[in-house]
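Residue numbers start at 1 and run along the sequence shown.
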Amino acid sequence: WCINVDSSTYSEQVTVENITFTYSSNTLTIQSEPALVRTRAAVNPPGPTAGFRIMNSSVNILGISIIQTVGVQYGIFASSNHVTISSVNVDAGGNISFAGIKIASNSTVSYSSVTVQAGHGIWLENSGRNFISYSTMTSLDFNSSGLQFDSSSSNTVTGCLISNPGGNGAWLYSSAYNTISASTVTSSLSGKAALYATDSSSFNSVSGSYISNPAGKAAWLLSPAINNTIKQSTIASNSVIEAALWLNGASSNTVDGVLITGSALSSVLLDSNARNNTFRQSTIVNSGGGNIAFQIIGSDSNTVTGSLILNLAGIALNIKSVSNANVISQSTMTSSASGLAAVTITASSSNTVTGSFISNPAGYGVLLTAVANGNTISLSTMIGGAGSAALYINKSSSNTILNSHVQGSTAVLISGSTGTTIGGSWLVATITAGNALGLSTGNVNLSLTTSTLRGGLQGAGIYLDKSN
């Protein structure tokens with residue numbers, strides 16, 4: 001069945017219900033007259049529910065505009081499954097309160113545009129197996145989102161522009177197994193996120209997408225959001241106070257092949273016991289002066305592998321506040337900040353850095369301080385400069401350096417520490433008066449085996465101050 005509609009504007013609500021098709025393959029299509037290629041039909045309902053209220057399955061709405069000049073709840077409200085919406089424009093004009101489009105399950109939205117000033121752009125609630133493609137959805141509502149998932153699963157979104165300058169761009173609430181790909185997701189408000197996942201949202205995937213919020217968080221995963229994946233995407237923020245990517249107590253999530261750029265205190269922030277997250281083959285950059293590219297606070301057992309962490313004006317990687325058993329492998333961490341370290345581990349234990357390159361030609365390479373105990377650095381290169389040690393261990397115990405190359409004004413400086421082990425390593429002082437290994441006061445039980453130490457011409461291979 002097909003109803004072709006001319007290019008007039010109809011001031012009525014279109015309701016589709018109680019249609020019984022002869023065959024299961026039958027559909028009802030309501031569309032603008034195909035012969036009128038430069039114009040389209042428009043619906044301007046007088047209220048109160050929607051421009052189209054669809055309570056029947058197998059209905060297609062094609063090439064129609066919905067223009068609101070009076071208050072309604074929805075542009076299109078489809079409570080039945082198997083609905084197709086294509087080439088539809090919804091312009092709320094400030095008169096839609098709930099959502100531009102709300103669909104049930106097994107439905108399709110394509111080549112459509114939705115703009116609402118209040119409510120969600122597109123709303124999926126208790127729905128699944130929908131396919132949304134090549135569409136634009138925009139909300140301007142602080143409490144809503146461009147695309148809202150509520151207790152919805154197995155939906156696919158691809159090739160879309162999802163935005164909310166005044167709130168969250170895409171919001172996954174208690175939703176699972178949804179996929180967003182090849183899309184742009186944006187917000188422009190501090191305190192909100194372009195991509196927001198919360199309330200047990202799990203096993204969702206974002207790939208090949210651009211996620212941006214110049215004023216706040218670009219991506220925010222809030223506990224207990226678990227087992228979500230972001231891959232082959234860009235996450236960007238210019239906020240001076242909020243992280244580009246924040247895993248706030250969120251665990252077992254994966255970031256793979258992602259470029260993350262930020263200017264805030266942290267480009268990436270893991271805190272509130274965010275555990276077992278994996279960062280792989282990613283680049284994390286911070287451009288804010290004195291800030292941190294990647295920060296782990298009070299969070300354990302996270303993994304970073306094959307990644308580049310860069311902050312020329314601050315700390316590249318900071319692990320602090322009882323963050324234990326994290327692993328950094330096959331990665332590069334670089335800073336050029338005077339007086340700071342490329343990698344800092346503070347009051348945290350049993351962390352491992354292996355097979356990595358760590359450099360700060362203007363400051364410390366690695367700083368272990370304030371009860372950073374039982375950490376291991378192996379098979380790595382550490383470079384410091386400008387009067388700083390490549391590796392500085394301060395008031396910490398039982399740390400181990402194995403099979404590594406350490407090079408700086410002083411290669412390794414140890415102060416007030418117990419049980420440091422250095423084995424199979426190459427320690428090189430790069431200035432005339434530099435020491436390969438310098439022990440200031442209060443060190444106990446240093447173990448040094450099968451290593452090569454080369455001090456400066458006026459320095460020492462090993463320098464022991466008093467009380468060692």
Residue pair Ile309 / Thr334, side-chain heavy-atom distance below 4.5 Å
no
Determine whether more than 12 heavy atoms belonging to other residues, nucleotides or ligands lie under 6.0 Å from atom [atom1] of [X].
| X | atom1 | result |
| --- | --- | --- |
| Tyr173 | OH | no |
| Tyr111 | OH | no |
| Tyr177 | OH | no |

Ignoring hydrogens and angles, tell me if any N or O in the side chain of [X] forms a donor-acceptor pair with the backbone of [Y] under 3.5 Å.
| X | Y | result |
| --- | --- | --- |
| Asn399 | Ala372 | yes |
| Asn277 | Thr254 | no |
| Asn130 | Leu124 | no |
| Asn351 | Ser323 | yes |
| Asn286 | Ile292 | yes |

Kindly assign one of parallel, tilted or perpendicular to the pair Phe98 and Tyr74, based on the angle between their ring planes and the thresholds 30° and 60°.
perpendicular
Test Ser397 against Asn373 for side-chain contact (heavy atoms from CB on, under 4.5 Å), laying out the working first.
CA-CA 5 Å; Ser397 300; Asn373 298 336; 3.6 Å; yes
Nearest-0.5 Å distance that lies between atom OG in Ser335 and atom CG in Asn311
6.0 Å
Out of curiosity, Ile377 CD1 to Ile358 CD1, how far, rounded to the nearest 0.5 Å?
5.5 Å
Name the residue from Ser133, Ser209, Ser181, Ser183 that meets the side chain to side chain donor-acceptor pair (under 3.5 Å) definition with Thr158.
Ser181
Steps toward side-chain contact (heavy atoms from CB on, under 4.5 Å) verdict (Leu172, Thr198):
CA-CA 6 Å; Leu172 294 119; Thr198 186; over 6 Å; no
Grab the two heavy atoms, one from Gly167 and one from Ser187, that are nearest each other, plus how far apart they are.
O-OG, 2.6 Å
Trace of the side-chain contact (heavy atoms from CB on, under 4.5 Å) decision for Gln281 with Val258:
CA-CA 7 Å; Gln281 303 294 328; Val258 175; over 6 Å; no
Does the Lys NZ or Arg CZ of Lys217 fall within the cation-pi geometry relative to Trp246 - under 6.0 Å from the ring centre and within 45° of the axis?
no
For Phe142, is the NZ or CZ atom of Lys192 found under 6.0 angstrom from the centre of its six-membered ring and inside 45 degrees of the ring axis?
yes
is_close_aromatic(Phe294, Phe279), centroid dist under 6.0 Å
yes
Evaluate the ring pair (Phe, Tyr, Trp, His ring centres under 6.0 Å) criterion for residues Phe149 and Trp123: first the C-alpha distance (whole Å), next the side-chain angles of each, then the deciding distance (0.1 Å), finally the verdict.
CA-CA 6 Å; Phe149 299 82; Trp123 186 8; over 10 Å; no
